[in-house]
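Accompanying notes for the structure given below.
Every number for a ligand or one of its atoms is a count from 1 in the order of the listing. Since this is a predicted model, take the numbers as computed values, not measurements.
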Amino acid sequence: MKVDRLVALAGGVGGAKLVDGLNRVLPPEALTVIVNTGDDFTHLGLYICPDLDTVCYTLAGIANPATGWGRAEESWHALETVVSLGGPGWFRLGDRDLGLHLERTRRLATGERLSQVTQSFCRALGIQACVLPMSDEAIPTQVDTDEGLLPFQEYFVLRQCQPRVKGFVFENHACARPAPGVLTALEAAHVVVICPSNPWVSIDPILAVPGVRAGLAGKPVVAVSPIIAGQAVKGPAAKMFAELGVQPSALAVAQHYQPWLRGFVLDRQDKAQTAEIRRLGLEVLVTDTLMTSLADRERLAREILDFVTTW
Ligand code: FO1
């Protein structure tokens, strides 16, 4: 199979790293990234799109290397002022990052759609890949917890993922439409890669957008496990699996996505699960999936392309 049109489904930091690797090894303009916008929210009057920004900053080479989100060489004067005046400081927006939120919020208020604003920012940042929000309409994720429904960022950042999870609500998803370009990119794709993002709150919101699941049907879809040795590489994915009554593992991730998958990529540390994942009817690639360097991102991307080319 030739791969010169690839669609990646991605959330934040882990997804962005693989997207960066794919972008480095694919021909120019071969890559479309469909990004989760369930985490988006309005904060300090500004429209914040954490996963879109993480993907774009990473592709532009200006992401904060320590956190994975936000900008490199950041300063915090504006937020310090907000806090000194009695405003909220729990969601850390740096000065450089704030500039982007100001401009996005201004453009959205003039009637531009999120996908148009994102395309324009990508051009300005020198990004060649096509980065699409999953929808131009808000589909906010609410986390159903033992303390009731919490908006995603309140659960994730303010409450540090402490409340016990019972489920997730993707508000408004049933009547939302995919952003322009999402379904046509899926239709044209030679392969779809589900990045190593959180299945529950990064990938499931994308799959919940009407038309996306149907767009995956019959496509060669490969997922990369965000769980290594029972732990999430970053974030609460393993805690979520456990609280929902599923032992966190690469196998559990494969089972989660199984109806859409042709192949699955898991870490060497989990190679004992290979036979059971094969029994789900999936092609399996066992490799090093932890991406700590740029070279790792590129190597993993190349290995995934070599893997799917054999199908
Ligand atoms: N994550 C945090 O844990 N704490 C923060 O203060 C924080 C601020 C922030 C600002 C801009 C941005 O684009 C992302 C930010 N994130 C922060 C990350 C974000 O909350 C999550 O990583 C994603 O929503 C989950 O993918």
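- Paired with Ile203 under the rule side-chain contact (heavy atoms from CB on, under 4.5 Å), one option of Ile194, Ile34, Asn36 passes, and it is Ile194.
- Scanning all protein heavy atoms for the shortest distance to atom 6 (O) of ligand 1 gives Arg92 N, 2.8 Å.
- Among all non-hydrogen protein atoms, the one lying nearest atom 3 (O) of ligand 1 is Val157 CG2, 3.8 Å.
- No side-chain donor-acceptor contact under 3.5 Å links Asp267 to the backbone of Asp288.
- Contacts of Asp51 with ligand 1, taken as heavy-atom pairs under 4.0 Å, involve the side chain alone.
- The option from Trp69, Phe156, Phe152 that lies nearest to atom 16 (N) of ligand 1, judged by heavy atoms, is Trp69.
- Heavy atoms of Asn36 found under 4.0 angstrom from ligand 1: none, in either backbone or side chain.
- In terms of modelled atom types and a separation under 3.5 Å, the side chain of Ser225 and the main chain of Ile227 share a donor-acceptor contact.
- Checked by atom type and distance alone, the side chain of Gln273 pairs as donor or acceptor with a backbone atom of Leu251 at under 3.5 Å.
- Contact annotation for Leu93 and ligand 1: only side-chain heavy atoms (C-beta onward) come within less than 4.0 Å of the ligand.
- Remark: ligand 1 and Gln153 share an N or O pair separated by less than 3.5 Å (distance only, no angle test).
- Panel note: side chain Lys219, backbone Val192; no donor-acceptor pair is recorded below 3.5 Å.
- In terms of protein heavy-atom proximity, atom 11 (C) of ligand 1 is nearest to Asp97 OD2, 3.4 Å.
- Where the criterion is an N or O separation shorter than 3.5 Å, residue side chain and backbone included, Asp53 fails it with respect to ligand 1.
- Under the 4.5 Å side-chain heavy-atom criterion for ILVMFWY residues, no single connected hydrophobic cluster contains both Leu22 and Met134.
- At the top of the distance list for atom 13 (O) of ligand 1, counting protein heavy atoms only, stands Pro50 CA, 3.3 Å.
- Between His43 and Trp90, the distance from one ring center to the other falls under 6.0 angstrom.
- In terms of N/O distances under 3.5 Å, ligand 1 is approached by Asp39.
- Nearest to atom 9 (C) of ligand 1 among the protein's heavy atoms is Phe91 CZ, 3.2 Å.
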